[in-house]
Amino acid sequence: MKPYNHTRIEQKWQKRWAKDRIYESKESAKKKACYVLDMFPYPSGEGLHVGHPKGYIASDVYARYKRMSGYSVLHPMGWDAFGLPAENYALEHKVHPQTAVAKNIARFKEQLQHIGFDYDWKREINTTDPSYYKWTQWIFLQLFKKGLAYQSNEPINWCPSCKTGLANEDLEGGACERCGTTVEQKKIPQWVLKITDYADRLLSDLDTLPWSEHIKELQRNWIGKSEGAEIDFLVSESDIKIKIFTTRPDTLFGATYMVLAPEHPLVVQLMEQAKNKEEVSRYVALALKKTPKERAENKEKTGVELRGVKAINPGTKEEIPIFVADYVLEHVGTGAIMAVPAHDERDFEFAKKFNLPVRHVVESTESSILSNSGNFDGMDSEEAKKKITDAFGVPKTTYKLRDWVFSRQRYWGEPIPVIHCKTCGVVPVPEKDLPVLLPKVTSYEPSGTGESPLATMAKWVNTKCPECGEKGRRETNTMPQWAGSSWYYLRYMDPDNTRALVFSKKEKYWAPVDTYVGGIEHATRHLIYARFWHKFLFDMGVVSTSEPFQKLHTVGLVLAEDGRKMSKRYKNTIDPDDVIKLYGADSLRLYEMFMGPFENTITWNTNSLIGVRRFVERVWRLQEHVQNADVSELQSVLHRTVKKVGEDIGAFKFNTAISTLMIFLNAVEKERGIGKSQWKSFLKLLSPFAPHIADELWSALSNKKSIHVESWPTYEEKFLTEETVIIALQINGKTRGETTISTQADTAEYERVAREALSERLKNLEVVRVVVVPKRLVNIVVKVTS
RNA sequence: GGGUAGGUGGCGGAAUUGGUAUACGCGCUAGGCUUAGGACCUAGUCCCGCAAGGGUUGCGAGUUCGAGUCUCGCCCUACCCACCA
């Protein structure tokens, strides 16, 4: 037996697989499709560390298992290479993003290939490739034509450090998610996608998805649906109406004052009529200077009354004061509230500070009953919500989800394919002229002026209007980094198609994605954006399913050995190439799957990796102990292993699948040998996890074809059960020994055996009852004398 | 404040869904083999106890013949959202 040389074996098989093209995906009338997808990476300059491939290894194991189980498998890989991370890297290293991206991709690809994945590299995609982003632009044009992409001048989140506008999803606690800088509100013309039109479907279709409740709940919170009513409050002695939104219309009679957000358009107008105009104006100016974060942090309520101006509570018909206060936010509801201090904590706090009346209108004892509410007294609050809405307002549903700010004032993104014309307005670039190529520029540094660096490219910007042929200007904003990733999974199905985004027949074969694997950080960004675009494409008839991804598995982080996140910044990253050199790709793969439940965050531990490597070497040595005849003592455990490993891979429970393989190996070593056909089955079970050594040992049995195109072993029920089984003997539920019993035994036999085995202990005790659980235990219940 | 997932040895974690808690692996201890070991083999390793025996799944109650698993109350951890009207 040669010593186990992982480097030689792994390089040999990686070359062989590529040469024999065993992983190429084909649409096959005879086979069912199984689309296994990884969230494709940004090819950052830092290369991969051992945390990155964890999800890829899992999807690889699953894809191999599915292929061996008779499915036609699509398991592709590609690059999400547009956007700020790639551009910032390029700026920092003073190279053109294109050059940096090409270099980084080469490095990533090399690292991935060393791990031995079964990707079909013929389907590799790159979001920065014009033949790819042609279709990203095409989707934008369709959105534009359906009125779902529009221009807006509303203030948006602006990161002064990245010098670009950002979507709500790009923020983390009021700061730029990428660089941590507090964002400002800035008024610059923006392209916005009307994702809110899809809010309801994005929400309700979650119920149809087999995703974890955790992810679904994250999306539900993000969409943030609230149902309530809009009610107009009239300003006294005028015809000005203040529209408010409330989820508690039943408390209308308890509204003792009103509040407007400082940004509310009516503030300017009402201020004119107020006796304390100066004071109000000062307050508003101060409030507007605060960042959203500062406003949220300062929980101490502040505000100012518009003195001399009153509103009329439509329920009580009483005059109530109007305040301007920054605890009311412009973008929530209508930016104005009716304040009900008796039933809202924030209003109560404010009322206390400003000495405002508190009127209870809902008695919440066992049920909620209205009082002090005129005709509605005595009514149940749920009923009152409807009745009061009908009488004074209109039902209204609002969402926290806001339309998707879709333009970036940066260079490295897909150009937005529209032309501005003085006579024709905004004109879409004709589809035949796609893609609108991103021009090569000499300076791609962000300008910070609210315009992208493309604006300085006169030659590129100045063009003809496709409608009237007169002078036109190209849109110079680019798309956000989320654009290309919002539909990439469709392109893998048909990556070289020049005439359509995806050929419908291919889409129908592969869709939807059976299993999608990636990080939880994408729960409220990528996964919402992709679902939105997919639903739009579904409405357009481009795709055949209303949801893109069926099963979703989130991968847990791999922390560095110091317990911190792996990061170049902490100098604690581990390069998979180094691990592979020392211990081999098979050991790396097995270890990452064995380290714990797939979705758990787990600390890297080199000792545990060495333990897995020991397992691999024991498997290697086992080839010396393969005999022609099967070892009958191993039949039962083998069949149970086949069942368990298959079930566990299907359920993404890789850690227990591997422990089952280890248990089997322990059994083989105890028997000091294994039959040839048993050995073959075992190698197949091992092959998704450790594809190189499995193929090496498989070929050593004079097999000509790769183990990876073999079929998955099956188990027989008759081998799953043993002839005898060990059962527990209990007295009053406490285990008092164990015994071996035939699996054929009947209840009476169980009871007899148990009474006999426990006869010493049962002396002088009165048996009240005997509980028999076949193949598990016998519990003898005795009378307790105290 | 709201939501979601959790809390089992020194560590990562198992537990057939109410049926012998601590599988598998790491680490550790002892012995063997070896010039040597990131090698291998054997035995041991939840806690108390010399033993017989007793105890143990964050804490406290409950249901049950039987609870890591179900119910109620409390404590703690992680992640997400949050002056959301």
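Because the structure is a prediction, the values reported are computed rather than measured. We use all heavy atoms of the structure for the numbers below, so side chains are in, but hydrogens, waters and symmetry mates are not. Chain identifiers are assigned alphabetically (A, B, ...) following the order of the sequence lines, protein sequences preceding nucleic acid strands; residue numbering begins at 1 within each chain.
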Within the 4.0 Å heavy-atom criterion, would you say [X] contacts the bases, only the backbone, or no part of the nucleic acid?
X: Arg736(A); answer: sugar-phosphate
X: Gly224(A); answer: nothing
X: Ile337(A); answer: base
X: Leu582(A); answer: base
X: Asp344(A); answer: nothing
X: Val340(A); answer: nothing
X: Gln730(A); answer: base
X: Ile602(A); answer: sugar-phosphate

Return yes if the base of [N] and the side-chain atoms of [X] contain a donor-acceptor N/O pair under 3.5 Å, otherwise no.
X: Asn779(A); N: rC65(B); answer: yes
X: Lys301(A); N: rC83(B); answer: yes
X: Arg640(A); N: rU16(B); answer: no

Review point. Do NZ/NE/NH1/NH2 and the carboxylate oxygens of Lys385(A) and Glu382(A) come within less than 4.0 Å?
Key: yes
Point to revise | Ionic contact status for Glu213(A) with Arg220(A), cut-off 4.0 Å | key: yes
Study note, to complete from the structure: In Leu758(A), Ile741(A), Val778(A), the residue satisfying side chain to side chain contact (heavy atoms under 4.5 Å, CB included) with Val753(A) is Ile741(A)
Check your understanding: Below 6.0 angstrom between ring centroids: does that apply to Phe652(A) and Phe654(A)?
Key -> yes
Review point. Nearest to the side chain of Arg614(A) - rG13(B), rA23(B), rG27(B)?
Key: rG27(B)
Study note, to complete from the structure: Taking for Val771(A) and for Asn605(A) the nucleotide of RNA chain B with the nearest heavy atom, the one nearer the 5' end belongs to Asn605(A)
